[in-house]
Amino acid sequence: MRVRSELLADAWLVASKDLRIERSSRVVASQVLPFGLIVLILFGFGISPDRRVVEADRTVLEQVAPGLFWLTVFLASLLALGRSFAIESADGSLEALRLTGLDPGGVFLGKSLAVAAELLVLEALLGAGALLLYGAPLGHPFLLMVVVVAATASIAAAGTLYSALASGSRVRDTLVPVLVLPALAPALLGATLATEAALFGPPSDGWPWAGLLGAFAVLYFGAGMLSFGLMLEET
Amino acid sequence: MYWNYVLIGYVVVFGGLGLYAVSLLRRGRNLAEQVEPDRRRFLD
Amino acid sequence: MVSVRDAVCLLGNFPALAGADLELESGEVVLLEGPNGAGKSTLLRLCAGLIGLRQGSGDVLGNDLATRGGRQQTRRAVGLLAHHSALYGELTVEENVRFWSRANRAFDADVEPALERLGLSDRLRSVPVAALSAGQRRRTALAVVVCRRARLWLLDEPHAGLDAAGRDLVDGLVRDAAAAGATVLLSSHEIDRATDLAHRVVRVVAGQTPVSGGHS
Amino acid sequence: MSPPTSTGPAATPTGSKLTRVLGSLSLAFLAIFLLFGLMLSPPEVSQREAVRLFYIHVPSAVIALYLAFGLTAVGSVVYLRKRSTFWDLLAWSAAEIGVLFCAFTLVTGMLWGRPTWGVFWKWDPRLTSTAISFVLFIGYLAVRQLDLTPEARSSRAAVLGIIGFLNTIVVRFSVSWWQSLHQGTTLNPVDTQMDGLHLLSFFLGFATLALVFSWLLVHRFRVAWLAHQAGEAGLDRALAERRAEATGRTV
């Protein structure tokens, strides 16, 4: 039990440090959020917002809104992840973290939780934007909440793991999307379909996908906590 | 029309395998010149 | 304390250390001297457990540098002032020192005296590190090292970027640490100053430590 | 362990008795397969002549996704536990050939789809998940080229090799599930009933590609081993130069 609480304490130390940096620099708020917003708007342009599908009497945009929303979050998360590792590589902090007594699993947990927290705020604002712009109804809030949490955890954990994999390299910024996006494909699928079910029903279609998202998040949190030390070990 | 697709497929796959095999043998030959005989374990 | 024999360390494909030896006794202050690119920083990083050995052997504070576990133990035990200060520009001086001292499992109570000792306890404590001068940044990084209360101090160019008062401050810290029983290994281009400070000089040339170079 | 000259003057450095046996078997099977696949096997009821593409499409997919990437995952696990260069290089070799077979799966899948479905691309689970894993393992090959120390490259690639394989399974599963919601029964090669010559040709295709895969794997591994050894020799030279620097002499 002592080991466990130490891990959580380490995670909290790192996460609160990252969030404090965000509070004073506001990079995610002032850059990543507007990026997400513009992507959301441009998707609308790309899809001809008012075209209707006769059978469902829903606009095309309404129908694809869940997918577009999550795709926007995925793209924005790449920037948030880049930022999360840019603050460590700016002045050699990643190496200094190796010199500390911090549990590497805790560092991983802390960094991914900070990213997750930032993403949750981003999703709340983008989600409100999507509801207004795309005009999707809010069907089953509880399922939606579960999906949002599970999908965010998946993105944050997988994203942090792959960012760590590429960290210390000069090509980190270009390599991370190539690794993260295909890896997250099942999460995008699950999040989109579960959100669709949460908005338009029936929710019973969404729960299995929420389960897949949960399992995916657990896989990546486990893998990240086990391997983070290894990836910090050698650079 | 079916045959066109079939033939393209076979040429791409087996031609691709052939090209890759040739490139592997070349790479091996070039590298072998840089390696002393006593370092060539796993080569037979 | 420290015993490195015939160490070969690689930086990528380059043998930065090509057979270096180093013996440090408890309480010693030793200066690494040599031209740029001689391998001083690599030797310090080896002693910090940051890089692996390709050949040779190394023992720091009873930990074997050839093993992962040994290097990990070493990293937790030493205090390294590296080339990079490892400070977060967005956080204030105090926030940085507090974060690193917690991460290093140091005592919170040591933060205040360290800030004071390095002249960071007044206005500067609440200034974001990004707004500091190079010298002030170096002093903040030193405050982090001081908080660690390590038995082995590894200082890579601690005098660089500091004014005369700052350099005196560094010398004072090193003397105090040695007096308290710590061992200090440092590199410096301030040869006269550092030679006065050190009990012994180890010369590093092309990744090696020729025996003839020592004088006291 | 025998000196390289024993493989004969004309032999390539990465060739040996093993590869000669595998190579001849591959060529023999290839000839038989081409005979059956392109000539003896009759057109199938629903796929017509396109069934001939299916003989190489499905084996490439299975070999790439499960055999090659599975081998990468196993090699990665063993590497991380034992730090053995052998398994590290084997994992790398399998991944590279796996990516090649993935590309074949995509090409033959699309060529099969055009006459059968009328379009090059359909969101068929096998094709879609192969495309995703293809990109993921291209990422693996990129990690092998990172500008880090060789140890860091190897251990990070090993982490990716294991997770990438697990992820491949999750992708395959989720894409199938997704497709089962959307489409009822589209023509899927595995569902079609095959008999006699079709089945024989299919197994011949499988055997041929598996043999070619193992022949390539042995050669690729040996190339990787030679490259590793050339790197080590280069380091020894660099070390000697660095040592000579101290005394002011050059080598």
Side-chain angles (χ1 to χ4, degrees), chain A residues 67 94 98 108 154 157-158 161-172 174-194 196-197 205-206 208-209 211-213 215-235, chain D residues 65 69 73 76-77 79-81 83 88 99 102 123 125 127-182:
Chain A
L94 222 44
R98 292 170 65 200
F108 172 81
S154 300
L161 172 56
Y162 288 120
S163 302
L165 245 160
S167 69
S169 154
R170 284 187 296 274
V171 298
R172 184 193 67 206
T174 42
L175 181 57
V176 168
V178 177
L179 297 174
V180 172
L181 291 179
L184 280 178
L188 177 65
L189 213 48
T192 302
L193 291 171
E196 221 171 87
D205 284 359
W209 288 107
L212 173 80
L213 279 174
F216 193 83
V218 168
L219 169 77
Y220 268 99
F221 268 113
M225 285 167 63
L226 283 176
S227 65
F228 201 72
L230 194 77
M231 291 189 287
L232 286 188
E233 174 71 33
E234 295 139 344
T235 44
Chain D
L65 294 185
F69 296 157
S76 301
V77 170
Y79 172 72
L80 288 182
R81 306 201 83 197
R83 298 280 153 183
D88 181 40
V99 165
C102 260
W123 296 93
L127 222 48
T128 311
S129 55
T130 306
I132 292 169
S133 299
F134 179 59
V135 179
L136 196 57
F137 275 85
I138 285 180
Y140 174 94
L141 297 182
V143 168
R144 302 248 43 154
Q145 308 290 343
L146 278 181
D147 48 336
L148 302 169
T149 61
E151 294 77 30
R153 272 200 297 266
S154 295
S155 53
R156 290 179 188 203
V159 170
L160 182 55
I162 298 165
I163 303 172
F165 180 62
L166 295 178
N167 210 311
T168 293
I169 294 170
V170 179
V171 167
R172 181 75 174 83
F173 161 74
S174 59
V175 172
S176 302
W177 189 9
W178 169 56
Q179 273 310 304
S180 69
L181 299 177
H182 282 241

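We use all heavy atoms of the structure for the numbers below, so side chains are in, but hydrogens, waters and symmetry mates are not. So that the names make sense, note that chain A is the first sequence line, chain B the second, and so on, each numbered from 1.
- At least one side-chain heavy atom of Pro186(A) sits under 4.5 Å from a side-chain heavy atom of Phe216(A).
- Tyr162(A) has its ring centre less than 6.0 Å from the ring centre of Tyr220(A).
- Residues Pro177(A) and Pro182(A) come closest through the heavy atom pair O-CD, 3.8 Å.
- Listed for the Thr168(D) side chain is no donor-acceptor partner under 3.5 Å among the backbone atoms of Ser133(D).
- Side-chain contact between Arg83(D) and Ser154(D): absent, with no pair of heavy atoms (C-beta onward) separated by less than 4.5 Å.
- For the set Ile138(D), Ile163(D), Val171(D), Val143(D), the count of heavy-atom pairs under 4.5 angstrom toward chain A peaks at Ile163(D).
- Neither the backbone nor the side chain of Ala215(A) comes within contact range of chain D; no heavy atom of the residue lies under 4.5 Å from a heavy atom of that chain.
- For chain D, no part of Ala187(A) is nearby; none of its heavy atoms comes within less than 4.5 Å.
- For chain D, the option among Asp205(A), Leu179(A), Leu230(A), Leu189(A) with the highest count of heavy-atom pairs below 4.5 Å is Leu189(A).
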Steps toward side chain to side chain donor-acceptor pair (under 3.5 Å) verdict (Ser176(D), Arg172(D)):
CA-CA 6 Å; Ser176(D) 302; Arg172(D) 181 75 174 83; 2.8 Å; yes
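- Of the two parts of Leu161(A), only the side chain, counted from C-beta on, holds a non-hydrogen atom closer than 4.5 Å to a non-hydrogen atom of chain D.
- Contact annotation for Phe173(D): only side-chain heavy atoms (C-beta onward) come within less than 4.5 Å of a heavy atom of chain A.
- Val135(D) touches chain A through backbone and side chain together, each having a heavy atom under 4.5 Å away.
- In this structure, no portion of Ile162(D) lies under 4.5 Å from any heavy atom of chain A.
- Of the two parts of Leu175(A), only the side chain, counted from C-beta on, holds a non-hydrogen atom closer than 4.5 Å to a non-hydrogen atom of chain D.
- Residue Tyr79(D) comes nearest to Ala158(D) through the heavy atom pair CD2-CB, 4.0 Å, listed as atom of the first residue, atom of the second, then distance.
- Looking at Leu226(A), neither its backbone nor its side chain comes within 4.5 Å of chain D, counting heavy atoms on both sides.
- The part of Leu212(A) that comes within reach of chain D is its side chain, from C-beta onward, which places non-hydrogen atoms under 4.5 angstrom from that chain.
- Judged by distance alone, the side chain of Arg156(D) and the main-chain N or O of Ser167(A) form a donor-acceptor pair under 3.5 Å.
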